[in-house]
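In each ligand, atom 1 is the first atom listed, and ligand 1 is the first ligand listed. Numbers here simply count residues along the sequence, with the first being 1.
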Amino acid sequence: MHNVSTLIFSRFKKYIDNSMKVEEFWIINWDGLPLFKYSPTRSLRIELIGGFLSAIQSFAKTVIEDERGQYLNTLTIGDHSYNFLTDEVYKLYFILKTSKKVKEKIINLYLQRFQDMFIEEFRKDLVAFDGDITPFESFDKQFVKTYDRLASLDTIKSAVTNEAILSKYKDRVLSNEYSPKQAVIQPIKFLKTMNTKDKIKFFTRILPKAASSILNVRTSFKTLQNNPDTPDKIASEEFIKELEEYAYSLGIGKFGYTKLTPNLVYKDSTILYPNIIVLMLEMDKDIIQTCPSFEAFKMIMNTYKLLNKAANKLADFLREHNFGAQAGPALGGVGNYVVLARNAGLGWTGSHGLLISPEYGPRQRLAILATSIENLPINNDEVNPHSWINDFCNKCGECIRECPGNAIYDDPIIKHTGYTHIDNSKCFPQFYNHYGCTVCIKKCFFSDEEYDYLKQKFFEKK
Ligand code: SF4
Ligand code: SF4
């Protein structure tokens with residue numbers, strides 16, 4: 001046991017050592033003037049390198065535009081890659097040097113985050129820029145802090161997709177070609193339209209909750225090292241009861257059990273066990289009615305925080321009893337929890353794409369636990385008792401009419417990964433610019449009225 005743990009840990013560490021490392025980072029303007037540099041291992045004449053990189057980018061732009069009609073994104077020299085992100089509004093290049101082995105997707109994530117932060121912080125200085133680069137010096141601390149945070153998250157996540165580590169999880173479920181992509185939320189984007197007062201509130205009241213959720217996402221990956229090498233697969237009824245009681249004591253309102261299929265795992269993710277416990281936590285009914293509002297935004301972030309924490313505690317509880325576990329956090333999730341909850345018999349999906357449950361309507365957040373326990377009391381109903389909601393939604397359409405972004409469609413959008421009524425490209429701007437929006441939850445009849453009452457009325461009218 002000890003040797004296997006040591007081996008896993010050393011592979012884990014090796015993987016961390018090999019993953020994303022920012023070797024150098026520059027921000028230069030289109031004239032080649034450097035505004036910022038990060039270069040931990042060598043001292044650079046930035047005034048020389050700035051012009052050089054700008055020239056490369058201009059040259060490469062011409063070459064690549066001829067062939068593909070696009071900007072150059074990456075230039076590989078030896079074992080290193082230089083990756084460019086172009087900001088056309090402020091006429092800047094963000095350039096990141098790293099190992100050529102690092103995936104483009106990860107590099108872009110870093111570059112976009114740095115770009116967002118820099119523009120947000122220095123928008124005024126950029127507009128009034130007269131060649132003085134001293135205001136940008138203060139970006140140093142913020143950059144290093146964000147880089148550290150991104151790096152630790154990224155490396156831990158990457159470790160969970162490392163085949164060498166994963167090989168002990170024989171029943172793990174990998175995503176497939178039908179798996180949905182995870183929508184990535186960028187907290188910094190919420191700031192764009194906030195006034196100064198709300199910005200201060202965002203930093204003091206929302207970010208600590210978001211940070212706690214992110215730490216819990218880290219914990220959910222980190223604690224995988226504690227999984228037993230030969231976990232138990234059968235649990236007694238008493239143990240399941242004990243687990244449920246513990247979950248209630250952590251604030252979980254309801255849970256359900258189901259089996260996982262690959263099309264419910266997010267693209268490029270892995271869930272280590274196919275046996276799923278879905279956890280539901282209610283969002284406050286009265287506060288939802290105030291949305292879009294700062295108050296509602298704060299409450300939702302708090303719900304995520306509590307749910308992520310509870311999922312990790314429950315995973316630890318399972319491990320203490322020699323069962324394997326992976327906490328699937330609510331924020332930074334690993335799969336399609338709404339469909340998992342539906343399959344577990346907890347409710348049905350409304351036109352707004354959210355779970356509608358008898359207990360809370362659409363007012364809940366979901367997390368999961370994947371476990372080695374094979375005899376969970378899985379929902380085996382052939383017909384979901386809540387499927388009547390589909391007909392109700394077809395007649396209702398309130399969320400479609402009330403959505404301020406016109407992001408919910410009457411006719412579903414058919415994708416190869418399934419179908420949805422939501423157009424994320426229209427929802428996200430509303431979501432970022434109006435405190436997480438949530439109008440579709442507020443306006444849904446199931447937010448306000450009792451499930452049984454609506455069901456009765458619906459069938460009376462039929
Ligand atoms: S969050 Fe807002 S914009 Fe997005 S679907 Fe719901 S109501 Fe529409
Ligand atoms: S508002 Fe109406 S259509 Fe939209 S999810 Fe709720 S019940 Fe369904």
Side-chain angles (χ1 to χ4, degrees), residues 180 182-187 189-190 192-194 206 280 282-285 287-301 303-304 330-331 333 336-339 341-342 346-366 384-413 415 419-462:
Q182 186 186 26
V184 180
I185 307 290
Q186 296 178 32
K189 290 198 172 174
F190 287 108
K192 283 197 172 145
T193 52
M194 278 185 191
I206 301 280
M280 258 167 58
E282 182 184 13
M283 292 190 284
D284 189 282
K285 191 173 179 175
I287 298 180
I288 280 287
Q289 287 309 315
T290 69
C291 79
S293 68
F294 196 90
E295 206 48 29
F297 188 35
K298 195 174 88 183
M299 179 275 292
I300 292 167
M301 292 312 290
T303 312
Y304 278 129
L331 198 64
N336 189 337
Y337 299 166
V338 172
V339 177
R342 197 172 80 187
L346 292 173
W348 193 259
T349 320
S351 288
H352 45 36
L354 302 160
L355 185 82
I356 295 180
S357 71
E359 291 78 13
Y360 314 123
R363 288 181 302 100
Q364 61 250 307
R365 290 291 170 208
L366 302 167
N384 186 315
H386 313 295
S387 60
W388 65 275
I389 292 174
N390 204 38
D391 294 333
F392 187 99
C393 283
N394 285 339
K395 293 207 165 136
C396 166
E398 183 73 356
C399 56
I400 298 171
R401 285 186 296 278
E402 294 288 339
C403 169
N406 296 319
I408 311 176
Y409 297 150
D410 231 334
D411 295 323
I413 309 164
K415 296 181 175 177
Y419 74 88
T420 171
H421 288 259
I422 309 291
D423 183 343
N424 277 347
S425 68
K426 291 185 172 180
C427 170
F428 272 30
Q430 283 294 323
F431 182 79
Y432 282 126
N433 296 338
H434 299 91
Y435 309 103
C437 184
T438 321
V439 168
C440 48
I441 298 184
K442 168 177 156 176
K443 292 290 175 182
C444 181
F445 283 104
F446 288 89
S447 262
D448 234 6
E449 296 285 3
E450 293 293 324
Y451 175 96
D452 288 338
Y453 171 77
L454 288 175
K455 189 174 178 185
Q456 193 192 339
K457 287 276 169 204
F458 180 69
F459 284 101
E460 273 171 18
K461 277 192 189 164
K462 261 195 150 186

So the protein N/O/S atoms within less than 2.8 Å of atom 4 (Fe) of ligand 2 come down to Cys399 SG
For [atom], what is the nearest protein heavy atom, given as residue, atom name and distance?
| atom | result |
| --- | --- |
| atom 4 (Fe) of ligand 1 | Cys427 SG, 2.4 Å |
| atom 8 (Fe) of ligand 1 | Cys403 SG, 2.3 Å |
| atom 2 (Fe) of ligand 1 | Cys437 SG, 2.2 Å |

Is there side-chain contact between [X] and [Y], with at least one heavy-atom pair below 4.5 Å?
| X | Y | answer |
| --- | --- | --- |
| His386 | Ile356 | no |
| Pro358 | Asp452 | no |
| Arg365 | Ile300 | yes |
| Ile389 | Tyr451 | yes |

With a cut-off of 4.0 Å, which atoms of ligand 1 are near a heavy atom of [X]?
| X | result |
| --- | --- |
| Thr438 | 1 (S) |
| Gln430 | 3 (S) |
| Pro404 | 7 (S) |

Between Phe446 and Trp388, what is the ring plane arrangement, given parallel below 30°, perpendicular above 60°, and tilted in between?
tilted
Plane angle bin for Phe458 and Phe392 - parallel if under 30°, tilted between 30 and 60°, otherwise perpendicular:
tilted
Enter the distance from Asp410:CG to Arg401:CZ here, rounded to the nearest 0.5 Å.
9.0 Å
What atoms in ligand 2 come closer than 4.0 Å to a heavy atom of Phe392?
7 (S)
Within ligand 2, which atoms have a heavy atom of Phe446 less than 4.0 Å away?
7 (S)
On a heavy-atom basis, the closest approach of Ser447 and Ile441 is OG-O, 2.5 Å
Take atom CD in Glu450; do more than 12 heavy atoms of anything else shown fall under 6.0 Å from it?
no
Worked verdict on Asp448 versus Lys285 for side chain to side chain contact (heavy atoms under 4.5 Å, CB included):
CA-CA 8 Å; Asp448 234 6; Lys285 191 173 179 175; 4.2 Å; yes
